[in-house]
Peer 1: 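Handing you a structure now.
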Amino acid sequence: MSLSLYNTLTRRKEAFLPADPKRVSVYVCGPTVYSRPHIGNARPAVIFDVLVRFLRTGYSVVYARNITDIDDKINAAAEEAGVPIAEIAAENVSAYHDDMHALGVLPPDIEPYATEHVSEMIAMIAGLIESGHAYAKDAHVLFRVGSYPDYGQLSRRDRGQLLDGARVEVAAYKEDPGDFVLWKPSTPELPGWDSPWGRGRPGWHIECSVMAEQHLGRTIDIHGGGNDLIFPHHENERAQSTCAHGGEIFARYWIHNGFVNVHSEKMSKSLGNVVLIHELLEQGSGEAIRLALLGAHYRQPLDWSDAVLRDSQRKLDRLYTSLRDVSDRDDGTQATPSAEFIEALEDDLNTPKALAVLFDLARKVNRAGDSERGLSLARQLRASGEILGLLGADPAEWFTAGDEAALGADEVEALLVQRTAARDNGNYSEADRIRTELKDSGVAIEDGPKGTSWRRIDQMEGEDQTRGR
RNA sequence: GGCUAGGUGGCAGAGUGGUUAUGCAACGGCCUGCAAAGCCGGGGACGUCGGUUCGAUUCCGAUCCUAGCCUCCA
């Protein structure tokens, strides 16, 4: 595998060479569990799922994705709902797992919780104080940014500039306005842990530093997340970990995905445009959502709309059509992805290009008809799709599964028998009447050389191309 | 104000110093009882202004526009 990845630290594509090919370590910042996951949470989960699936074709991989379950927003959500903090967290963890499963995201090897690593965080903070990289003041512990000369390198900011645009007032307990919190005091009603600096709770950044170290070691190969995390989160993680480890490299490759926008605007609660996964799942399949997320290169912004989802649904229809037409002859023989497909992913995970290869394969399968070559191409298509976490469904079921309420599969089959009889008798008006009746119930039919097949028409059919504006 | 991405055909979205992206939509043809699906084919694009070059959508400069970050954020 000759994978190249764009490293945020160096701002260029680099050949990916793991420190230890037998154990590639990947750490991705997971969700803060204060609300249900939205499409923006799904993007890094899907992207890094694909990266890990692809890495596993050449390496042994250990993949950790944390759960941040200590956070002021969780506390706020709990207060608003009038339920215990732990309950809010547990609910949202469960929702996250459900939604990620629906999107075909495989569970990470390790899923550490912040709440289970507090004592290690206290230890790391104490060490940082001891080595002069942090200081305690007024029940807070702060990281001394001036003690780490490389601070700002990841996000390409110098400390002087940072202050110019600072939006917050500088707290009195900070030596330097850029210093950030490692530990802060808790009030009695808030979650807190005893520490040398009093009862309190960890700052956000220290969580990831500690969990990465605990589960993957001092130096990890790949550290990922959304590009909004570059500053301050990853900048601070890097500072903490490097200083805590006596200068050892923290992450060798920093990979960041672009944002999902809605109508060219950032999703936010204040704009009221947050697109939740479980709502999307009522409009389209999880696989279609996944495909939509892979349709743009991971570093590019992705503009979400209903049209994007419907497009993806149709793309899958096309791919599954070609698989369906050979599936009765496929015995499930293992196949390998096409070389072109691999090349696309090797080039900084170019999923749009990889998808184009999938469509090329689908056309070739359709063209090849019943030949042996068609079957082997179809297997190649399926094997390629598997790396993207796509095309894993049974092709026949893909088209017939769905809302049984309107019309059950048995009823459809019965009507098709009637229609075939009518056609055989040359009674085309009756045949067309049945076809119309089926269509009104959301079932489209296709007469082919092997008989008549049917599929449920997706629910978004007929809607306008674009929404709003 | 500082920093970072972008601006590609009707839409989404790759890529490239000269040669087909791909999907959807639309159009013509084949197939079909008619459709659908599929196959074949053609049309249609690189924000603006300059520069480099035999040749630029691609490199360089300027400019306009959009989005994101600047201590809550995936």
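Side chains included, hydrogens not; waters and symmetry mates left out as well; all remaining heavy atoms used. So you know, we letter chains A, B, ... as the sequences are listed, proteins then strands, and number each from 1. Because the structure is a prediction, the values reported are computed rather than measured.
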Peer 1: Enumerate all atom pairs, one protein N or O and one N or O from nucleotides 65-68 of chain B, separated by less than 3.5 Å.
Peer 2:
residue	atom	partner	partner atom	Å
B:G68	OP1	A:Lys266	N	3.3

Peer 1: For RNA chain B, whose closest nucleotide is more 5', that of A:Ser429 or that of A:Tyr34?
Peer 2: A:Ser429
Peer 1: Answer yes when A:Arg435 and A:Asp432 have at least one side-chain N-carboxylate O distance shorter than 4.0 Å, and no when they do not.
Peer 2: yes
Peer 1: Expressed as a whole number of Å, how far does the C1' atom of B:G18 sit from that of B:C46?
Peer 2: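 After rounding to an integer number of Å, I get 15 Å for this pair.
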Peer 1: Tell me the interatomic distance from A:Ile445, atom CD1, to B:G38, atom C1', rounded to whole angstroms.
Peer 2: 17 Å
Peer 1: NA contact type, A:Val28, heavy-atom cut-off 4.0 Å: base, sugar-phosphate, or nothing?
Peer 2: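 Result for A:Val28 = nothing.
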Peer 1: Give A:His297 one of three labels, base, sugar-phosphate or nothing, depending on what nucleic acid heavy atoms sit under 4.0 Å from its own.
Peer 2: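 It contacts sugar-phosphate atoms only.
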Peer 1: Taking only the side-chain heavy atoms of A:Pro44 (C-beta and beyond), determine which of B:C24, B:A74, B:A37 contains the nearest atom.
Peer 2: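 The closest nucleotide is B:A74.
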Peer 1: Can you tell me whether the side chain of A:Arg435 and the base of B:A35 have a donor-acceptor pair closer than 3.5 Å?
Peer 2: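 When only heavy-atom distances are counted, A:Arg435 does reach the base of B:A35 through a donor-acceptor pair under 3.5 Å.
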Peer 1: Which of the following nucleotides, B:G23, B:C69, B:A74, is nearest to the side chain of A:Met267?
Peer 2: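 Closest of the options to the side chain of A:Met267: B:A74.
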Peer 1: Would you please enumerate the stems RNA chain B participates in, each stem being three or more consecutive Watson-Crick or G-U wobble pairs with both distances under 3.5 Å?
Peer 2: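 The stems that RNA chain B takes part in, listed by first number, are B:1-7 with B:64-70, B:10-12 with B:22-24, B:27-30 with B:38-41, B:47-51 with B:59-63.
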Peer 1: Got a list of protein N/O to nucleotides 29-32 of chain B N/O distances below 3.5 Å?
Peer 2:
none

Peer 1: For A:Asn427 and A:Ser429, which I'm curious about, is there any donor-acceptor pair between the side chains at under 3.5 Å?
Peer 2: yes
Peer 1: In whole Å, what is the span from the CG atom of A:Leu438 to the P atom of B:A35?
Peer 2: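 Going from A:Leu438 (CG) to B:A35 (P), I get 19 Å.
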Peer 1: Please name the pair of heavy atoms, one in A:Leu407 and one in A:Ser441, separated by the smallest distance, quoted to 0.1 Å.
Peer 2: CD2-CB, 3.7 Å
Peer 1: Could you state the CZ-C1' distance from A:Arg12 to B:U4, rounded to the nearest angstrom?
Peer 2: 16 Å
Peer 1: Specify the separation, in whole Å, of atom CD1 of A:Ile230 and atom C1' of B:U71.
Peer 2: 15 Å
Peer 1: Nearest nucleotide by nearest heavy atom, which residue falls closer to the 5' end of RNA chain B, A:Ala444 or A:His233?
Peer 2: A:Ala444
Peer 1: Under 3.5 Å, is there a donor on one side chain and an acceptor on the other for A:Thr187 and A:Glu189?
Peer 2: yes
Peer 1: Only pairs under 3.5 Å count here: list side-chain donor-acceptor contacts from residues 222-230 of chain A, not counting sequence neighbours, and write none if there are none.
Peer 2:
residue	atom	partner	partner atom	Å
A:His223	NE2	A:His234	NE2	3.3
A:His223	NE2	A:Glu237	OE1	3.4

Peer 1: Given B:A37, B:G33, B:G23, identify the nucleotide with an atom nearest to the side chain of A:Ala431.
Peer 2: B:G33
Peer 1: Among B:G23, B:U71, B:A37, which nucleotide has an atom closest to any side-chain atom of A:Asp311?
Peer 2: B:G23
Peer 1: Any salt bridge linking A:Glu175 with A:Lys137? Criterion: basic side-chain nitrogen under 4.0 Å from a carboxylate oxygen.
Peer 2: no
Peer 1: Taking A:Arg53 first and then A:Asp49, would you say they form a salt bridge - that is, a charged N and a carboxylate O separated by under 4.0 Å?
Peer 2: yes
Peer 1: For B:C65 versus B:U71, give the span between their P atoms, rounded off to a whole number of Å.
Peer 2: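 That atom pair is separated by 25 Å.
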Peer 1: Please report the distance separating the C1' of B:G6 from the corresponding atom of B:G47, rounded so that it comes out in whole Å.
Peer 2: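 11 Å, rounded to whole Å.
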Peer 1: Distance check, P atoms only: B:C40 and B:G23, in whole angstrom units.
Peer 2: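 Result for the P pair: 10 Å, nearest Å.
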Peer 1: Taking the C1' atom of each, how far is B:G51 from B:A74, in whole Å?
Peer 2: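 Going atom to atom, C1' in each nucleotide, I get 42 Å.
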Peer 1: Can you check the A:Asn425 CG to B:G33 C1' distance for me, whole Å?
Peer 2: 14 Å
Peer 1: Need one value for A:Gly225: base, sugar-phosphate or nothing, where a base atom within 4.0 Å counts as base even if backbone is also close, heavy atoms only.
Peer 2: sugar-phosphate
Peer 1: Using a strict 4.0 Å threshold on nitrogen-to-oxygen distance, state whether A:Glu386 and A:Arg382 make a salt bridge.
Peer 2: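 Looking at A:Arg382 together with A:Glu386, the answer is no, because their closest N to O distance does not fall below 4.0 Å.
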Peer 1: Tell me: CG of A:Leu355 to P of B:A14, nearest whole Å?
Peer 2: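 From A:Leu355 CG to B:A14 P: 11 Å.
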Peer 1: Which residue is it: A:Asn257, A:Asp348, A:Thr351? I am looking for the one with a side-chain hydrogen bond (donor to acceptor under 3.5 Å, both in side chains) to A:Tyr298.
Peer 2: A:Asp348
Peer 1: Within the structure, does a side-chain N or O atom of A:Thr32 lie under 4.0 Å from either OP1 or OP2 of B:A74?
Peer 2: yes
Peer 1: For atom P, what is the distance between B:C69 and B:A26, given to the nearest Å?
Peer 2: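 B:C69 and B:A26 have their P atoms separated by 38 Å.
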Peer 1: Quickly work out the A:Tyr151 OH to B:U71 C1' distance and round it to whole Å.
Peer 2: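 Value for this atom pair: 7 Å.
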Peer 1: Of all the heavy-atom pairs spanning A:Val326 and A:Gly369, show the shortest one and how long it is.
Peer 2: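 In terms of heavy atoms, the two residues are closest at CG1-O, 4.3 Å.
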Peer 1: Rounded to whole angstrom units, what separation is found between the CD atom of A:Gln300 and the C1' atom of B:A14?
Peer 2: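 To the nearest whole Å, that distance equals 10 Å.
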Peer 1: Quick one: do the A:Tyr96 and A:Glu111 side chains pair a donor with an acceptor below 3.5 Å?
Peer 2: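 No.
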Peer 1: Do the side chain of A:Arg419 and the base of B:G33 come within less than 3.5 angstrom through a donor-acceptor pair of N or O atoms?
Peer 2: yes
Peer 1: Using 4.0 Å as the upper bound for N to carboxylate O, is an ion pair formed by A:Arg419 and A:Asp447?
Peer 2: yes
Peer 1: Give me the ring orientation class for A:Trp254 and A:His256: parallel if the planes are under 30° apart, tilted from 30 to 60°, perpendicular past 60°.
Peer 2: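 Judged by the thresholds at 30° and 60°, the geometry between A:Trp254 and A:His256 is parallel.
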Peer 1: Can you tell me whether the side chain of A:Asp432 and the base of B:G33 have a donor-acceptor pair closer than 3.5 Å?
Peer 2: yes
Peer 1: For atom P, what is the distance between B:U48 and B:C64, given to the nearest Å?
Peer 2: 16 Å
Peer 1: If you check the A:Arg318 side chain, which of B:A14, B:A25, B:G38 turns out closest?
Peer 2: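 Taking heavy atoms from C-beta onward, the closest nucleotide is B:G38.
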Peer 1: For atom C1', what is the distance between B:G43 and B:G29, given to the nearest Å?
Peer 2: 15 Å
Peer 1: Among B:G13, B:G23, B:A74, which is the nearest nucleotide to the side chain of A:Asn41?
Peer 2: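 That would be B:A74.
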Peer 1: Do A:Asp347 and A:Lys13 sit within salt-bridge range, that is, some charged N less than 4.0 Å from a carboxylate O?
Peer 2: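 A:Lys13 and A:Asp347: salt-bridged.
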Peer 1: Quick check on B:A25: is either OP1 or OP2 less than 4.0 Å from any side-chain nitrogen or oxygen of A:Arg310?
Peer 2: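 Checking B:A25 against A:Arg310, no side-chain N or O comes under 4.0 Å of OP1 or OP2.
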Peer 1: Under 4.0 Å from any atom of RNA chain B, heavy atoms only: list the residues of residues 359-381 of chain A that qualify, in numerical order.
Peer 2: A:Phe359, A:Asp360, A:Arg363, A:Asn366, A:Arg367
Peer 1: Just do the side chain to side chain donor-acceptor pair (under 3.5 Å) check on A:Asn75 and A:Tyr34 with the steps written out, would you?
Peer 2: CA-CA 8 Å; A:Asn75 303 339; A:Tyr34 67 98; over 6 Å; no
Peer 1: For the pair A:Phe180 and A:His205, name the ring-plane relationship: parallel under 30°, tilted 30 to 60°, perpendicular over 60°.
Peer 2: perpendicular
Peer 1: If the condition is ring pair (Phe, Tyr, Trp, His ring centres under 6.0 Å), which residues does A:Tyr253 pass it with, not counting sequence neighbours?
Peer 2: A:Phe16
Peer 1: Checking contacts here: which listed nucleotide (B:A74, B:G33, B:A5) is nearest the side-chain heavy atoms of A:Leu229?
Peer 2: B:A74
